[in-house]
Amino acid sequence: MKYDFKQTEEKWQKIWDDKKTFAAKLDTTKPKFYALVEFPYPSGQGLHVGHPRSYTALDIVARKKRQCGYNVLYPMGWDAFGLPTENFAMKNHIHPEVVTKNNVARFKSQLKSLGLSFDWDREINTTDPNYYKWTQWIFLQMFKKGLAYKKEMNVNWCTSCKVVLANEEVVNGVCERCGGEVVHKVKSQWMLKITEYADRLIDDLDGLDFIERVATQQKNWIGRSHGAEVNFGSTAGDDITVYTTRPDTMFGATYMVLAPEHKLVEKWASLIQNMDEVRAYQDAAARKSDLERTELNKDKTGVELKGVKGINPANGKEIPIFLSDYVLATYGTGAIMAVPAHDTRDYEFAKAFGTEIVEVVAGGDIEKEAFTDCATGTLVNSGFLNGKSVEEAKAAMIAWLEKEGKGHAKVNFKLRDWVFSRQRYWGEPIPMIHCEQCGWVPVPENELPLRLPEISDFEPGEGGESPLARHTEWVNTTCPCCGGAAKRETDTMPQWAGSSWYFLRYMDPTCDTAPVSKEAVEYWGPVDWYNGGMEHTTLHLLYSRFWHKFLYDIGVVPTKEPYAKRTSHGMILGENGEKMSKSRGNVVNPDDVIAEYGADTLRMYEMFIGDFEKAAPWNTSSIKGCKRFLERVWNLNEKLVEGEGIRSEMEGIVNRTIKKVSEDIECLKHNTAIAAMMSLLNEYEAKGGATRDEYKVLLQLLNPFAPHLTEEAWQQLGMEQELAYYPWPQYDEAKCVESTVEIAVQVNGKIKARLTVASDISAEDAIATAKADANVAAALEGKTVVKEIYVPGKLVNLAAK
RNA sequence: GCGGAUGUGGCGGAAUUGGCAGACGCGCUAGAUUUAGGCUCUAGUGGGCACUCCCGUGCAGGUUCAAGUCCUGUCAUCCGCACCA
């Protein structure tokens with residue numbers, strides 16, 4: 001009978017739906033396994049063939065874990081707030097809520113047609129008031145702990161989206177989402193103090209099983225550096241505090257540089273002789289957008305402050321002070337001591353401006369370039385530091401500074417606080433009220449959720465204020481504190497808010513007393529395995545670790561970290577090897593693939609396409625190989641041979657395949673697991689077919705990959721219990737080895753013969769057998785064997801002269 | 001510029017405590033079946049050739065009985081960061 005994938009897939013998807021086969025129940029008598037994939041943004045384009053790569057990979061893990069006796073939670077939901085929906089709503093005059101509902105329905109039916117074993121009873125949606133109630137609640141807890149604060153600040157403003165962006169959302173000076181120009185604007189914004197967690201966000205990575213590049217990227221992004229803050233003197237009398245990671249080089253500090261925005265410039269206005277020039281430089285720097293700043297980072301520009309000198313506390317020397325935009329106002333103290341001999345940037349600046357270059361660490365050639373190596377080199381021209389290594393000198397200088405009261409050790413971070421306000425409609429309202437008398441007052445918790453008002457005009461205001469600001473009936477309210485007239489915050493939260501804690505809600509999606517109940521989070525937490533895209537490493541992944549740590553601090557969750565293990569999938573590219581996109585015309589629609597080949601084939605193909613972590617180009621003709629394989633598996637049904645159990649000649653390959661597939665699934669090497677199953681099938685066919693039990697093993701191993709076909713074939717065998725929870729096959733290590741093996745015989749590394757020997761043959765016997773071979777003997781003719789090597793089960797190599 | 005990764009047939013990719021390179025699949029060739037095409041099946045398929053031989057894992061060296069794998073240098077591609085003092 002021919003395999004009808006359409007009918008079979010619909011049949012089993014209905015069974016799983018009706019029986020709630022994959023609904024997870026809290027059962028403390030069983031070990032739990034929580035597998036998580038990033039929930040999608042339900043865009044209008046529908047599912048992309050990239051989505052199933054990640055979803056299927058963990059679906060295979062989840063299915064196998066169930067069969068291994070784990071209580072598995074594998075949930076799915078919708079990260080549905082965000083700009084594209086709002087833009088679509090504006091263009092087509094449909095409310096974002098309706099747009100979201102339609103997109104979710106489409107996504108859901110597409111996901112269901114893939115046969116993924118999600119527990120749909122736990123479906124969540126970040127735009128659901130019952131969900132964002134708790135997003136708002138978490139924000140309020142942060143506010144109460146002083147982690148959410150409002151600040152007038154220079155923000156990144158996307159001129160195209162008309163919205164403030166977090167630093168993480170600005171890529172190469174342009175908007176990450178739309179590529180629009182980003183300029184600076186002073187705005188009052190809600191901020192979250194992620195910097196307070198910077199140390200813990202780095203240190204706690206050590207206990208986690210994150211793939212290396214994710215951990216490294218997070219560490220680099222947080223950018224912790226150890227150094228010292230030092231107070232330099234000035235002829236104006238004020239101290240100039242600088243941050244340096246090289247206090248050892250202080251004797252070589254021959255000038256200083258302030259950021260163009262540095263406050264002391266105003267203070268010294270009357271002392272500075274070239275104030276016009278200075279102001280012109282400041283203005284030019286302020287006008288530069290991020291894009292220009294990053295593009296023009298080659299040549300150093302600057303202006304000297306004439307009339308004021310700095311004083312190096314190490315040697316008491318007066319040194320010039322410059323203003324230059326290579327010093328950032330937002331990092332460290334906005335001022336540096338410049339050591340041109342041992343810092344590349346200072347060296348370039350010194351060459352351009354002709355300042356003195358003094359070598360204080362010997363070991364390089366400062367005539368040619370700055371010598372920045374910390375591992376070698378000895379201090380010179382540095383008073384009490386002379387003769388010390390860089391590390392010794394750092395410690396000695398910090399000790400001296402602390403003794404003299406001129407500085408102290410200091411740790412700095414690149415990470416900055418998270419800009420949390422967005423001036424758009426389709427996001428969680430920030431539940432804060434501003435009262436002239438009481439300042440910022442939280443919306444009382446019993447009034448949550450603070451719902452978005454029903455409006456129809458979503459255009460942002462001209463001045464960049466949220467569309468909510470026009471709705472005075474919603475904005476005007478009373479102060480919960482004094483009862484007087486007050487106004488609501490009209491900004492909404494960024495898209496990253498809802499996704500910062502969604503993994504907790506899955507554990508207990510209907511809890512109405514907390515984001516998640518204690519009981520649920522103690523059993524299900526933390527996520528055992530989280531797979532997602534590399535593009536979320538410094539955004540979602542970092543933000544959600546931060547929120548989780550905060551929830552740990554206030555006793556909502558019992559673990560310090562949300563995710564025990566993190567892996568990442570590569571992109572699926574178009575057939576031409578380029579990124580899939582509408583404009584390139586190389587988009588493959590998963591619906592079309594399913595219609596033509598079926599979900600099982602699509603799943604198999606996406607898993608077989610290559611190394612899971614690497615990008616892989618789509619290839620339509622390769623799909624056929626997977627389809628052929630599945631059909632051959634189905635047809636084996638009609639080629640069953642007589643016999644009980646596993647025939648003795650098949651024991652080796654059957655056991656090895658069980659072992660290979662079991663192990664490969666655990667490390668997401670689904671491509672080689674599939675190759676092993678193909679080899680097993682080839683072997684069955686070469687032996688004229690399989691016995692019923694041999695066939696059953698193949699169906700069991702294949703079930704996580706191709707669940708529909710295997711369930712159907714299993715049922716055809718008369719098996720009553722479905723494969724979904726049928727115990728995973730076991731292998732016998734001893735049976736993985738064949739009794740005889742073929743070994744290669746080499747003479748001086750060249751293969752001369754292949755011999756079949758007993759797999760437990762001794763080294764002596766193996767070598768003796770090898771020498772007895774006619775070809776080998778011929779090759780050894782007239783030579784003396786100087787070395788004999790036997791690698792068990794692999795080869796014999798005879799080195800001869 | 002700094003950091004990380006990758007480089008293997010016509011293609012996707014296997015194989016690294018150093019041990020038979022090219023598993024598995026696509027494609028291709030020949031044959032069978034078919035009215036034909038498609039599908040399916042069988043055999044072959046890294047390159048060269050005077051075919052029990054030689055060459056071959058980006059390139060050039062090195063270590064070793066043995067190197068895709070280790071070391072040194074170099075080139076290319078991709079990704080991340082990009083004046084973070």
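Quick note: numbers below take in every heavy atom, side chains included, and nothing from hydrogens, waters or symmetry partners. Naming: A, B, ... by sequence-line order, numbering from 1 per chain.
For B:C81, the base has no donor-acceptor partner in the side chain of A:Lys414 [N/O atoms by modelled type, under 3.5 angstrom].
With B:A85, B:G19, B:A15 as the candidates, the nucleotide lying closest to the side chain of A:Tyr331 is B:A85. For A:Asn671, counting side-chain heavy atoms from C-beta on, the closest listed nucleotide (B:G25, B:A14, B:G27) is B:A14. Looking at the side chain of A:Ile336, the nearest of the listed nucleotides B:A85, B:C24, B:A14 is B:A85. With B:C83, B:A85, B:A66 as the choices, the nucleotide that has an atom nearest any side-chain atom of A:Asn797 turns out to be B:A66. With B:A85, B:G19, B:G25 as the candidates, the nucleotide lying closest to the side chain of A:Asn682 is B:G25.
In this structure, CH2 of A:Trp618 is placed 14 Å from P of B:G13, rounded to the nearest angstrom. A:Met677 places its CE atom 15 Å from the C1' atom of B:A14, with the value rounded to the nearest Å. The interatomic distance linking A:Phe612 (CZ) with B:G12 (P) rounds to 20 Å, in whole Å. A straight line from NZ of A:Lys752 to P of B:C65 spans 19 Å, rounded to a whole angstrom.
Using a 4.0 Å heavy-atom distance criterion, A:Lys627 is classed as making no nucleic acid contact. Among the protein residues, A:Ile789 comes within range of the nucleic acid bases, having at least one heavy atom under 4.0 Å from a base atom. Heavy atoms of A:Ala615 sit under 4.0 angstrom from primed sugar atoms or phosphate atoms, though from no base atom. Residue A:Asn220 is out of contact with every strand shown, counting any heavy-atom pair closer than 4.0 Å.
Ion pairing between a basic and an acidic side chain is recognised when a charged N comes within 4.0 Å of a carboxylate O; A:Arg224 and A:Asp199 show such pairing. Using a 4.0 Å cut-off between charged nitrogen and carboxylate oxygen, A:Glu348 and A:Lys351 do not count as a salt-bridge pair. Salt bridge status for A:Lys669 with A:Glu663: absent, with no side-chain N to carboxylate O gap under 4.0 Å.
Mapping A:Lys624 and A:Arg632 onto RNA chain B by nearest heavy atom places A:Lys624 closer to the 5' end of the strand.
An anti orientation is assigned to B:G12, its glycosidic angle lying beyond 90° of 0.
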